Protein chains: 2
Amino acid sequence: MVAKLEQVRDEFITEWGALGSAWGVNRTMAQIHAYLMSCPEAQTTDEIMESLEISRGNAHSNIKELISWGMIKKVLKKGERKEFFLAEKDPWKIFCLVAKERKKREVEPIIGILNNCIADLKGVKGKEADDFQKQLKDLTEFVEMGDRVMEKISRSEKNILFKWLLKIL
Amino acid sequence: MVAKLEQVRDEFITEWGALGSAWGVNRTMAQIHAYLMSCPEAQTTDEIMESLEISRGNAHSNIKELISWGMIKKVLKKGERKEFFLAEKDPWKIFCLVAKERKKREVEPIIGILNNCIADLKGVKGKEADDFQKQLKDLTEFVEMGDRVMEKISRSEKNILFKWLLKIL
DNA sequence: CTGAAGTTTCAGAAAATACTGAAAATAACG
DNA sequence: CGTTATTTTCAGTATTTTCTGAAACTTCAG
């Protein structure tokens, strides 16, 4: 019966990994997070390597990345020299962490770029330039709104988020 | 002064393309959309190829993909044999289209998979299996909520969305 | 029909991305 | 210290993804 558990775990890991790659997240990174979400206890690098059949280097770099996103935490156990890793398991928290990270990495930079483009177009005459500038302004307005929403989300508690969603639905 | 316009256009295209690849959208696909957003008039495949310096095959397949997402439309002009392409320019509509597409491609399948995993774990005894099943249920609940939100978004008009966001902010 | 204009397909090439494995570095223990 | 366990790095390799370019196909005007 334990075999069944492992089988389901592997299925979950595989699918979560595929989902990750659709979201611009490294497949292995998503798989490690999936594996750790499936474990009540913190796991070592070796256990991760064995479960996913990946090399130490690969495991290591993706664990580091997950830590930098705040998706997993390093746990030290007394009497043990190895490091153990524990996943953030609350879907709401995971969502907030991802929103925060993507806001920083993707949304903020694009706002700067759009504003540069708009500034550079000042003084360029003609209908085409005017239309393009209008388009850039519309996009900027939208992205800035998205930015504010993500900011709010990444600072919010689960129950606040939940209330918003209930209003929407 | 037209040179300046082209320069800004290229910058915008480049950056929007980079943003796209972070979102799991093919870079060229995002660039073509960016180019068409910068043009008041519909453009031909050849104009797209020239502006982005890409091959016909590449242009063609990404144009097809953009059409299937609903992000651009084919326009036929009388007296012209060539096909012209026009971008959806409203950021809100673009957002809704992307939400709709990703819901279909990513969110819906994962719900099925999670439910399978939960069903397969029925009957597996032990704390580890129980904990894992609980985790899967939490994830499912969350993803299903996300699914409903995306459904709602993809059906909504701009002003409805706007109202929600004002409430949140 | 015929042929020019335009579109579609796809095998192979190129580029981008991710992974391995082993060596170097670090930390803990006696 | 010296030894051993563990983590970190990274050059080279493998894999995945994307792109090219040319041939096949379609459409349309004469």
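Computed from a prediction, not measured in an experiment: that's the story for all the values here. Order of the sequence lines fixes the chain letters, A, B, ..., with proteins taken first and strands second; residue numbering starts at 1 for each chain.
Here the closest heavy-atom approach between residue A:M37 and residue A:E88 is recorded as CG-O, 4.0 Å. Counting all heavy atoms, side chain and backbone alike, B:A30 lies closest to B:G17 at CB-CA, 3.8 Å. Closest approach of A:L97 to A:W69, counting heavy atoms only: CD2-O, 3.7 Å.
Here D:dT6 presents its P atom at 8 Å from CD of A:E80, a figure rounded to the nearest Å. Regarding B:I63, its CD1 atom lies at a distance of 17 Å from the P atom of D:dT18, rounded to whole Å. Distance, B:R56 CZ to C:dA5 P: 13 Å, rounded to whole Å. Atom pair B:I48:CD1 and C:dT7:C1' shows a separation of 13 Å (rounding to whole Å applied). Atom CE of B:M49 and atom C1' of D:dG21 are 10 Å apart (whole Å). Protein atom CD of A:E83 is 12 Å distant from nucleotide atom C1' of D:dA5, rounded to whole Å. Look at CG on B:N62: it is 16 Å from P on C:dT7, rounded to the nearest Å. Following rounding to the nearest Å, A:L76 (CG) and C:dT26 (P) show an atom-to-atom distance of 19 Å.
Taking five base pairs at each end of the helix from C:dC1-D:dG30 to C:dG30-D:dC1 and finding the rotation axis that steps the C1' atoms of four pairs onto the next four gives two axes whose angle is 10°, to the nearest 10°.
Listed candidates were C:dT7, D:dG21, C:dC19. Nearest to the side chain of B:T45 is C:dT7. Which of D:dT20, C:dT8, D:dT7 sits closest to the side chain of B:N58 comes down to D:dT20. Closest to the side chain of B:R81, from the set D:dG21, C:dG6, C:dA18, is C:dG6.
Side-chain atoms of A:T14 and A:E11 include no donor-acceptor pair closer than 3.5 Å. Of the N and O atoms on the side chains of B:T28 and B:Q31, not one donor lies less than 3.5 Å from an acceptor on the other residue.
A search for side chain to side chain donor-acceptor pair (under 3.5 Å) contacts involving B:D131 returns B:K127, not counting sequence neighbours. In this structure B:E128 satisfies the salt bridge (charged side-chain N to carboxylate O under 4.0 Å, His left out) test together with A:R9, sequence neighbours excluded.
Within 4.0 Å (heavy atoms only), A:S61 reaches no atom of the nucleic acid at all. Residue-level contact check: B:N26 touches the backbone only, with heavy atoms under 4.0 Å from sugar-phosphate atoms and none from bases.
Within the structure, a side-chain polar atom (N or O) of A:K64 is placed less than 4.0 Å from OP1 or OP2 of D:dT9. Residue B:H60 has a polar side-chain atom (N or O) positioned under 4.0 Å from OP1 or OP2 of C:dT8.
Nucleotides of DNA chain D nearest to A:K82 and B:V25 differ in position, and the one nearer the 5' end is that of A:K82. Two residues, A:F85 and A:R27, neighbour DNA chain D, and the one matched to the more 5' nucleotide by heavy-atom proximity is A:F85.
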